[in-house]
Amino acid sequence: MSETPKTGPEAIESWHAHVYFDAQTAAPARDLYARIQAAFPAAEMGRFHEKPVGPHPMWSYQVAFAPDLLASLLPWLTLNRDGLDVFMHPNTGDGMADHRDHVVFLGKSYALKLSIFDG
């Protein structure tokens, strides 16, 4: 008997929020980084990428966090992102679906380079 795939919240292992910025918004992005660290010490803060990396079309940094932080981090980012765009997705083990189908954008949405998930 095969196991039914998980499709509810239990399928989500963790979350990533990617804060997008460019040369003109790097200073506010660094300020937001520090404020996220202070407000959410359990979140793991990633490196600043001053070039597009992976599927992300903009400069970015990642905020990795456990599912139990979503209910507080999402509204906080919504109100405190200072005009920066944020791409958020769950991690279910299906990178393509997580970056294509299960996404949340705060601010402007962007087309991601999903070809990195092919084959």
Side-chain angles (χ1 to χ4, degrees):
M1 182 181 219
S2 65
E3 185 177 325
T4 304
K6 294 179 183 175
T7 57
E10 71 277 2
I12 299 172
E13 300 166 7
S14 63
W15 284 86
H16 287 167
H18 302 272
V19 176
Y20 288 168
F21 62 98
D22 58 21
Q24 290 73 40
T25 58
R30 289 186 186 282
D31 179 62
L32 179 59
Y33 186 100
R35 290 187 294 125
I36 294 169
Q37 275 187 311
F40 300 94
E44 295 178 34
M45 303 301 294
R47 295 182 322 202
F48 272 74
H49 296 285
E50 293 186 351
K51 65 179 182 178
V53 294
H56 305 288
M58 296 284 295
W59 298 4
S60 66
Y61 59 83
Q62 175 179 283
V63 182
F65 57 97
D68 63 344
L69 278 184
L70 180 65
S72 56
L73 185 56
L74 176 59
W76 189 94
L77 275 175
T78 300
L79 298 176
N80 293 283
R81 62 187 176 81
D82 291 337
L84 296 166
D85 300 317
V86 179
F87 168 72
M88 189 178 295
H89 66 86
N91 294 301
T92 66
D94 184 341
M96 174 68 89
D98 291 344
H99 287 80
R100 181 190 63 204
D101 304 329
H102 309 143
V103 303
V104 175
F105 275 104
L106 303 176
K108 181 181 172 189
S109 62
Y110 294 80
L112 273 62
K113 299 172 187 169
L114 297 173
S115 61
I116 71 161
F117 298 108
D118 292 339

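The chain is numbered in sequence order, starting from 1. All of these numbers come straight from a predicted model, not from anything done at the bench.
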> Going by salt bridge (Lys or Arg N to Asp or Glu O under 4.0 Å), name the pairs with one or both residues in residues 77-91, residues two or more places apart or in two chains.
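Qualifying pairs: Arg35-Asp82.
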> Among the clusters formed by ILVMFWY side chains lying less than 4.5 Å apart, do Trp59 and Leu77 turn up in the same one?
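Yes.
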> Show, in sequence, the C-alpha distance, side-chain angles and deciding distance for Leu84 and Tyr20, and conclude whether the side-chain contact (heavy atoms from CB on, under 4.5 Å) test is met.
CA-CA 6 Å; Leu84 296 166; Tyr20 288 168; over 6 Å; no
> Return the set of residues passing side chain to side chain contact (heavy atoms under 4.5 Å, CB included) with Ala26 (not counting sequence neighbours), or none when no residue passes.
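Partners of Ala26 by the side chain to side chain contact (heavy atoms under 4.5 Å, CB included) criterion, ordered by chain and then number, come out as Phe21.
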> Please walk me through it: do Glu13 and Thr92 pass side-chain contact (heavy atoms from CB on, under 4.5 Å)?
CA-CA 6 Å; Glu13 300 166 7; Thr92 66; 5.9 Å; no
> With sequence neighbours excluded, what pairs up with Asp22 under the side-chain hydrogen bond (donor to acceptor under 3.5 Å, both in side chains) test?
Thr25
> Can Tyr110 and Phe87 be said to form a ring-ring contact (aromatic ring centres under 6.0 Å, His included), step by step?
CA-CA 8 Å; Tyr110 294 80; Phe87 168 72; 9.2 Å; no
> Do Val103 and Met88 sit in one hydrophobic cluster, given that two such residues count as connected whenever their side-chain heavy atoms are within less than 4.5 Å of each other, even indirectly?
no
> Contact between Leu114 and Met96 at the side-chain level, heavy atoms closer than 4.5 Å - yes or no?
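Touching, per the 4.5 Å side-chain cut-off.
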> Do Ile36 and Asn80 make a side-chain contact, defined as non-hydrogen atoms from C-beta onward lying under 4.5 Å apart?
no
> I need the minimum non-hydrogen distance between Pro52 and Pro57, along with the two atoms involved.
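Closest pair (atom of Pro52, atom of Pro57, distance): CG-O, 3.6 Å.
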> For Ser109, enumerate each residue passing the side-chain hydrogen bond (donor to acceptor under 3.5 Å, both in side chains) test, keeping only those at least two apart in sequence or located in another chain.
none
> Can you measure from NZ (Lys51) to OG (Ser60) and round to the nearest 0.5 angstrom?
11.0 Å
> Start with the C-alpha gap between Glu44 and Phe65, add the side-chain angles, then the distance that decides, and say whether side-chain contact (heavy atoms from CB on, under 4.5 Å) holds.
CA-CA 6 Å; Glu44 295 178 34; Phe65 57 97; over 6 Å; no
> Can you run down the salt bridge (Lys or Arg N to Asp or Glu O under 4.0 Å) pairs that involve residues 86-110, sequence neighbours left out, and say none if there aren't any?
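Non-adjacent pairs meeting salt bridge (Lys or Arg N to Asp or Glu O under 4.0 Å): zero.
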> Tell me, please, which residues at least two apart from Glu50 pass side-chain hydrogen bond (donor to acceptor under 3.5 Å, both in side chains).
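Per chain and number, Glu50 pairs via side-chain hydrogen bond (donor to acceptor under 3.5 Å, both in side chains) with Arg30.
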> List for me each residue that meets side-chain hydrogen bond (donor to acceptor under 3.5 Å, both in side chains) alongside His99, sequence neighbours excluded, and say none if there are none.
His89
> With hydrophobic residues grouped by side-chain heavy-atom distances under 4.5 Å, do Met45 and Leu106 end up in a single group?
yes
> Take Val86 and His18 through the side-chain contact (heavy atoms from CB on, under 4.5 Å) test and state the conclusion after the steps.
CA-CA 6 Å; Val86 179; His18 302 272; over 6 Å; no
> For Tyr33, enumerate each residue passing the ring pair (Phe, Tyr, Trp, His ring centres under 6.0 Å) test, keeping only those at least two apart in sequence or located in another chain.
Phe48, Tyr61
> Taking only residues at least two apart or on different chains, which pairs with a member in residues 62-79 satisfy side-chain hydrogen bond (donor to acceptor under 3.5 Å, both in side chains)?
His16-Gln62
> To the closest 0.5 Å, what do you measure between CH2 (Trp15) and CG (Leu69)?
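One gets 12.0 Å once the value is rounded to the nearest 0.5 Å.
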> I need the His102 NE2 to Ile12 CD1 distance, nearest 0.5 Å.
8.5 Å
